[in-house]
Q: 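Here's a structure for you.
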Amino acid sequence: MSLLTKAVRGTLDLLPSVSHKTQYIENTLLEIAENFGFSEIRTPVFEHTELFKRSAGETSDVVQKEMYTFTDRGERSITLKPEGTAGVVRAFLEHGLFNDALPQKMSYITPCYRYDKPQAGRYREHHQFGIECFGAAGAAAEAEIISLANEVFTYLGLVNISLEINSIGCKECRAEYNKALREYLDKNAEKLCETCLSRLEKNPMRILDCKSSVCSAIAAEAPKILDYICGDCSEHFLTLQKYLDAMGIEYSLNPRIVRGLDYYSRTVFEFVTGDLGAQSTVCGGGRYDGLIEELGGAAMPACGFGMGIERLLLLIEKQGCELPEKDRCELYIVSADRDASYMAAKIALEMRNFGTICLFDICERSVKAQMKYAGKINARYTMVLGGDELAKNEAIVKNMDSGSQRTLSLNDFTDNFMRLVLDNSVDDFNFGNLNLQQKNEASSFLTLLQGGKSEDE
RNA sequence: GUGGAUGUAGCUCAGUUGGUUAGAGUGCCAGGUUGUGGCCCUGGAGGUCGUCGGUUCGAUUCCGAUCAUCCACCCCA
């Protein structure tokens, strides 16, 4: 097959056969966030380039080599968001949300774009679940978002994920530490790798992150940030640990976590797993007290995290965690001729309005082919409509799991069908698609029916 | 951005030591008589062997480039 073109490198298609998994995950994430008091915010996928340059930092890898930047027809420099925080902070400031009751807590699910070299678990377009909390300076805020992430993992049934935390201090103590660090690194400068050499001036802490054996050996002997952070920062970090202890969340201290985005301060953390190869970080975040000021707002403490949805799904599949099945077609209406098809269309609409998945043939295929199709899509019940049935105003409904059949009147068919379902197994029936009002109606309907048990064959 | 592996039907893979009409399983469609699925049987559709170029009388098989996927580095979610 010679296609005109294929999906762009590093992008993924989410196909209908698996989209329910992602839907479930995303709904779960937003619901858990809501339980923690975080409500969804949606911001555009692109922003003015300067926003990301300023927030992520000119020295960050993201800004230096990974952004999707283009000039639009109005000569604006536009960038597809490489991460979620900047846009949310921009909206927070632009709409004066800092005037609302503090803290302001927000969640989001958004696509992010980075010009990386693709690998499994790393894509040029990926989707990120994120949390931002504005206006809370205390360590309880970080503790809360960490426990939120932790809750997501336990809820989804994931294992083998560990939490690593670190403090990189505030502006003041970090300056002092950087000074000490640079003095140390200068002494070893000729041994450092090329990239680290270039980081030496602007952002020496990134060198601690370097994986090259020489650099990491040098880093191992380097002064430790935790020995330099000021009293307040130290107290903050200890308080965070007490909160985590109180909630029974396990963690380890990892002084090498510095994070790639320049806006972090004090707490940084990562949830990592050994089950995803080189893409080990499932969730990363921390505190960024200086960012809002950096973007033109009044000083305001803030913290948050990002979580990769594709990685989450990969991990779920790798670990064999159970996800809900795709919603099942409850009734497939087989029609033998055109008149039956008209009736099928009418009944299907009634059933759908009742909130259940109901399908009928739209290919004018043979009865056998329709039955086959119903079997293939795993329909729970089928109903055969033809001349005989229309004449008698009734239809044969077949349970595809057991193979048993019953005749139902077409008058008030939906009610009759529900009665049949009740006789077979109430629990099997899926009310997932009903809205709240419909659910109430349906449950009182079922309660009513349960009073007078109907005859069985 | 660096290094390595891979690339044949929708999917999983055979195969051609370079030679005429490229295979299997599975999936898809249709039949196996009168209106009923899952098993079985039969038939059909579907590939210019990732793409472009080179060597050759001739390449899907050899060589090169390119694109894509995967792995490690890097980076991060």
Side-chain angles (χ1 to χ4, degrees), chain A residues 1-12 15 17 56 60-66 81-85 109-131 149 193-196 206 209-213 215 257-261 268 270-273 276-285 304-315 332-337 340 361 363 365-390 395-405:
Chain A
M1 189 162 46
S2 91
L3 294 172
L4 177 64
T5 179
K6 297 188 193 167
V8 174
R9 180 163 155 87
T11 64
L12 293 176
L15 303 179
S17 54
S60 65
D61 278 21
V62 169
V63 170
Q64 284 187 340
K65 47 192 189 194
E66 294 176 0
K81 60 165 90 159
E83 52 86 35
T85 301
I109 289 174
T110 182
C112 293
Y113 301 85
R114 297 222 265 255
Y115 197 85
D116 270 354
K117 185 158 176 177
Q119 247 172 269
R122 187 169 76 186
Y123 310 100
R124 290 189 173 173
E125 178 187 66
H126 79 280
H127 297 263
Q128 213 171 102
F129 165 66
I131 286 294
C193 74
E194 221 167 287
T195 33
C196 284
R206 303 283 290 120
D209 230 8
C210 186
K211 306 291 192 296
S212 96
S213 55
C215 297
I257 301 181
V258 298
R259 315 264 331 136
L261 305 172
V268 290
E270 287 181 5
F271 284 88
V272 295
T273 176
L276 287 181
Q279 271 59 54
S280 57
T281 305
V282 164
C283 172
F305 69 68
M307 194 184 283
I309 295 186
E310 285 82 357
R311 280 185 196 178
L312 212 49
L313 186 56
L314 277 177
L315 200 54
Y332 186 92
I333 307 174
V334 173
S335 47
D337 54 42
D361 174 66
C363 292
R365 285 194 280 206
S366 68
V367 168
K368 189 190 177 93
Q370 292 181 52
M371 286 300 293
K372 217 172 186 175
Y373 178 74
K376 250 179 289 200
I377 63 169
N378 194 27
R380 200 185 305 275
Y381 292 92
T382 51
M383 169 166 87
V384 178
L385 278 184
D388 297 351
E389 285 77 13
L390 292 186
I396 300 162
V397 173
K398 178 172 184 173
N399 181 318
M400 295 294 273
D401 296 335
S402 66
S404 67
Q405 303 196 143

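What's counted below: heavy atoms across the whole structure, side chains too, no hydrogens, waters or symmetry copies.
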Q: Measure from the side chain of A:M371, starting at C-beta and using heavy atoms only, and say which of B:rA77, B:rA72, B:rU36 lies closest.
A: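 From the listed options, B:rU36 comes nearest.
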
Q: What is the distance from OH of A:Y113 to C1' of B:rA77, rounded to the nearest Å?
A: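 Between C1' of B:rA77 and OH of A:Y113: 14 Å.
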
Q: Specify the separation, in whole Å, of atom NE2 of A:H126 and atom C1' of B:rA77.
A: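 Rounded to the whole Å, the gap is 4 Å.
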
Q: Phosphate oxygens OP1/OP2 of B:rA72: is one of them under 4.0 Å from a side-chain N or O of A:Q119?
A: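 It does, given that an N or O in the side chain of A:Q119 lies less than 4.0 Å from OP1 or OP2 of B:rA72.
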
Q: Round to a whole Å and report the spacing from CG of A:L12 to C1' of B:rU69.
A: 11 Å

Q: Quick one, A:D401 and A:R380 - any side-chain contact, counting heavy atoms below 4.5 Å?
A: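 A:D401 vs A:R380: side chains touch.
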
Q: RNA chain B: A:K117 or A:E83, which has the more 5' nearest nucleotide?
A: A:K117

Q: Provide a list of protein-nucleic acid N or O atom pairs under 3.5 angstrom, restricted to nucleotides 29-31 of chain B.
A:
residue: B:rC29; atom: OP2; partner: A:K376; partner atom: NZ; Å: 2.7

Q: Between A:A120 and A:I396, which is nearer to the 5' end of RNA chain B once each is assigned its nearest nucleotide?
A: A:I396

Q: In terms of side-chain heavy atoms of A:E66, which of B:rC75, B:rU69, B:rA72 is nearest?
A: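 Nearest to the side-chain atoms of A:E66, counting from C-beta on, is B:rC75.
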
Q: Specify the closest pair of heavy atoms between A:D116 and A:R124, including all atoms of both residues, with the distance to one decimal.
A: O-NE, 2.7 Å

Q: B:rC75, B:rU36, B:rC76: which one has an atom nearest the side-chain heavy atoms of A:S280?
A: B:rC76

Q: Applying salt bridge (charged side-chain N to carboxylate O under 4.0 Å, His left out), name anything that partners A:E270, two or more places apart in sequence or on another chain.
A: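 A:E270 satisfies salt bridge (charged side-chain N to carboxylate O under 4.0 Å, His left out) with A:R259 once adjacent residues are dropped.
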
Q: How many Å lie between NZ on A:K81 and P on B:rA77, as a whole number?
A: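 Distance check: A:K81 NZ to B:rA77 P gives 14 Å.
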
Q: Rounded to whole angstrom units, what separation is found between the CG atom of A:L315 and the C1' atom of B:rA77?
A: 12 Å

Q: Separation of A:Y115 atom OH from B:rC76 atom P, in whole Å?
A: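 Those two atoms, OH and P, are 18 Å apart.
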
Q: If you check every side-chain atom of A:R9, which of B:rA68, B:rA72, B:rA77 has the closest atom?
A: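 Looking only at heavy atoms from C-beta outward on A:R9, the closest nucleotide is B:rA68.
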
Q: Base, sugar-phosphate, or nothing: which does A:V282 touch, judged by heavy atoms less than 4.0 Å apart?
A: sugar-phosphate

Q: Just checking A:C283: base, sugar-phosphate only, or nothing, at a heavy-atom cut-off of under 4.0 Å?
A: sugar-phosphate

Q: Please report the distance, rounded to the nearest Å, between OH in A:Y123 and C1' in B:rC71.
A: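 From A:Y123 OH to B:rC71 C1': 13 Å.
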
Q: With C1' as the reference atom in both, quote the distance from B:rC29 to B:rU34 in angstrom, rounded to an integer.
A: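 Going atom to atom, C1' in each nucleotide, I get 23 Å.
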
Q: Quick one: closest heavy-atom pair of A:Q119 and A:A278, and the distance?
A: NE2-CB, 4.3 Å

Q: Give the rounded distance in Å between these two atoms: CZ of A:R124 and C1' of B:rC67.
A: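 Computing the A:R124:CZ to B:rC67:C1' distance gives 12 Å.
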
Q: Heavy atoms only, 4.0 Å cut-off, all strands: where does A:G84 land among base, sugar-phosphate and nothing?
A: nothing

Q: Under 3.5 Å, is there a donor-acceptor pair between the side chain of A:Q370 and the main chain of A:R365?
A: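 Flag set: sc A:Q370 to bb A:R365 pair under 3.5 Å.
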
Q: Considering every strand shown, what is the Watson-Crick or G-U wobble mate of B:rC62 when both distances are under 3.5 Å?
A: B:rG54

Q: If you define the side chain from C-beta out and look only at heavy atoms, does anything of A:R311 sit under 4.5 Å from A:L276?
A: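 A side-chain contact exists here, since the closest heavy-atom pair is under 4.5 Å.
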
Q: So does A:R122 reach the base of B:rC75 with its side chain, donor to acceptor, closer than 3.5 Å?
A: yes

Q: Using a 4.5 Å cut-off on heavy atoms from C-beta on, say whether the side chain of A:E310 contacts that of A:L12.
A: yes

